[in-house]
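First up is the structure itself, then whatever we jot down about it.
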Amino acid sequence: MVTDRAPTEIDEAGRHWLRVKGVTGFPREARDGYFPRHGVTRPAATTEADLPAVDRGREDALPADAETVADADRLALETTYLSGKWLIERPPETVDELWEGVVDDVAAERFWDAKVTTLAGCEAFGETDHAVLVFTPNYFDREDVDRVRRRLREAHGVTEAIRYRPDVYTLDGAHEERLGGLTDSAASRFRA
């Protein structure tokens, strides 16, 4: 485990998240082994040629109109803010076991990064379930995003539909007008 206590035991006010950085080091970009192991392009080396296609024929599945989604992708490229995460919600009875497996996968470089809400976080956010976030470093690499989803399904029993949210959707302030509806917490790029 990352700490000697499970997420459901951490109840100190203000300690809302438990991160994996104790296992892997920080910042996330320094985790060099992940990129060659999974053939993932580093965000700083990503170019316009790597921009993901927006399936305009399936606009009903997008979190906003196709042009806004494509513009968010261009913003992610401009800022090299290409990370994103799968969101899994778990009740207190099952989150500690899932978290332990996710931490093991980050330590083994099968996952890039992860964090989970603590008991204090759930209380502060008014949630009953814990949020487990499993990050990928470059959401333009759909193969890696899908590989992580498969691992969550096959190794950790996450068989329900979950959503993937690029971190660029959470940029504050100056980019809010540009991102429009993508800033809504329910917006996600992929669902699986």
Side-chain angles (χ1 to χ4, degrees), residues 19-21 23-90 98-99 101-116 131-171 179 182 185-192:
R19 298 193 68 98
V20 182
K21 68 181 179 180
V23 170
T24 60
F26 200 76
R28 293 181 288 194
E29 290 79 6
R31 298 186 194 139
D32 289 336
Y34 184 93
F35 295 92
R37 180 177 185 165
H38 301 291
V40 177
T41 303
R42 293 175 188 276
T46 303
T47 68
E48 195 152 332
D50 299 312
L51 279 166
V54 176
D55 186 354
R56 294 174 189 276
R58 298 210 50 224
E59 287 196 50
D60 58 322
L62 295 174
D65 65 272
E67 190 50 46
T68 301
V69 171
D71 192 41
D73 293 340
R74 288 188 295 273
L75 177 61
L77 182 62
E78 290 167 19
T79 59
T80 64
Y81 201 49
L82 301 180
S83 58
K85 66 271 186 188
W86 285 108
L87 167 65
I88 305 118
E89 296 179 272
R90 282 291 179 268
L98 174 60
W99 178 244
V102 166
V103 168
D104 289 346
D105 271 354
V106 172
E109 292 184 342
R110 287 184 285 269
F111 294 157
W112 184 59
D113 194 16
K115 70 180 185 178
V116 62
V132 179
L133 307 179
V134 179
F135 292 84
T136 66
N138 188 341
Y139 80 91
F140 287 16
D141 188 330
R142 183 64 190 267
E143 186 176 312
D144 188 51
V145 170
D146 291 342
R147 180 194 60 77
V148 169
R149 173 59 175 126
R150 279 191 309 278
R151 175 79 185 168
L152 286 166
R153 183 175 307 223
E154 295 165 5
H156 302 290
V158 180
T159 57
E160 72 275 14
I162 58 175
R163 60 192 177 99
Y164 184 93
R165 184 170 168 84
D167 289 336
V168 72
Y169 290 9
T170 64
L171 286 175
L179 294 172
L182 297 178
S185 63
S188 59
R189 180 62 187 270
F190 312 119
R191 293 182 184 270

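Quick caveat: nothing in here was measured; it's all calculated off a predicted structure.
Between Thr68 atom OG1 and Asp65 atom CG the span is 3.5 Å, to the nearest 0.5 Å. Rounded to the nearest 0.5 angstrom, Leu152 CG and Ile88 CD1 are separated by 4.5 Å. Separation of atoms CZ (Arg153) and CH2 (Trp86) is listed at 8.5 Å; rounding is to 0.5 Å. Atoms CZ and CZ, from Arg189 and Arg163 in turn, are 15.0 Å apart once rounded to the nearest 0.5 Å.
When the side chain to side chain contact (heavy atoms under 4.5 Å, CB included) test is applied to Ala76, the partners found at least two apart in sequence or on another chain are Leu82, Tyr139, Phe140, Val168. In this view, Arg90 and Glu160 satisfy the side-chain hydrogen bond (donor to acceptor under 3.5 Å, both in side chains) rule, not counting sequence neighbours. Shown here are the salt bridge (Lys or Arg N to Asp or Glu O under 4.0 Å) partners of Asp141, two or more places apart in sequence or in another chain: there are none. For Thr47, the side chain to side chain contact (heavy atoms under 4.5 Å, CB included) partners are Ala49, Asp50, not counting sequence neighbours. Take Arg191 and apply the side-chain hydrogen bond (donor to acceptor under 3.5 Å, both in side chains) test, not counting sequence neighbours, and it matches Ser188. Arg149 meets the salt bridge (Lys or Arg N to Asp or Glu O under 4.0 Å) test with no other residue; sequence neighbours excluded. For Arg142, the side-chain hydrogen bond (donor to acceptor under 3.5 Å, both in side chains) test picks out Asp146, with sequence neighbours left out. Listed by chain and number, the residues in a salt bridge (Lys or Arg N to Asp or Glu O under 4.0 Å) with Glu154 amount to none (sequence neighbours excluded). With sequence neighbours excluded, the residues forming a side chain to side chain contact (heavy atoms under 4.5 Å, CB included) with Asp105 are Arg110, Phe111, Arg151, His156, listed by chain and number. Under the side-chain hydrogen bond (donor to acceptor under 3.5 Å, both in side chains) criterion, Tyr164 pairs with Thr136, not counting sequence neighbours.
Of the candidates Val145, Asp144, Thr46, Asp144 is the only one forming a side-chain contact (heavy atoms from CB on, under 4.5 Å) with Val40.
The shortest heavy-atom contact between Ala72 and Leu182 is CB-CD1, 3.4 Å. Taking each heavy atom of Ala114 and Val20 in turn, the nearest pair found is O-CG2, 3.0 Å. Of all heavy-atom pairs between Leu87 and Ile162, the closest is O-CB, 3.4 Å. Between Val69 and Ala64, the closest heavy-atom pair is CG2-O, 3.8 Å. Taking both residues in full, the closest heavy atoms of Pro43 and Pro137 are given as CG-O, 3.4 Å, listed atom of the first, atom of the second, then distance.
Around atom CD of Glu78, more than 12 heavy atoms belonging to other residues, nucleotides or ligands sit under 6.0 Å away.
Judged purely by atom type and a 3.5 angstrom limit, His38 uses its side chain to pair as donor or acceptor with the backbone of Glu109. The backbone N or O of Leu77 sits nowhere less than 3.5 Å from a side-chain atom of Thr80 that would complete a donor-acceptor pair.
The side-chain heavy atoms of Leu75 and Leu179, taken from C-beta on, include a pair separated by under 4.5 Å. Put simply, the side chain of Ser185 does not reach to within 4.5 Å of the side chain of Thr170, judged on heavy atoms. The shortest distance between side-chain heavy atoms of Asn138 and Arg42 does not fall below 4.5 Å.
Between Lys85 and Asp113 no salt bridge is recorded (no basic side-chain N to carboxylate O distance below 4.0 Å).
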Exercise. Tell me, with the steps shown, if Glu143 and Arg150 meet salt bridge (Lys or Arg N to Asp or Glu O under 4.0 Å).
Key: CA-CA 10 Å; Glu143 186 176 312; Arg150 279 191 309 278; over 6 Å; no
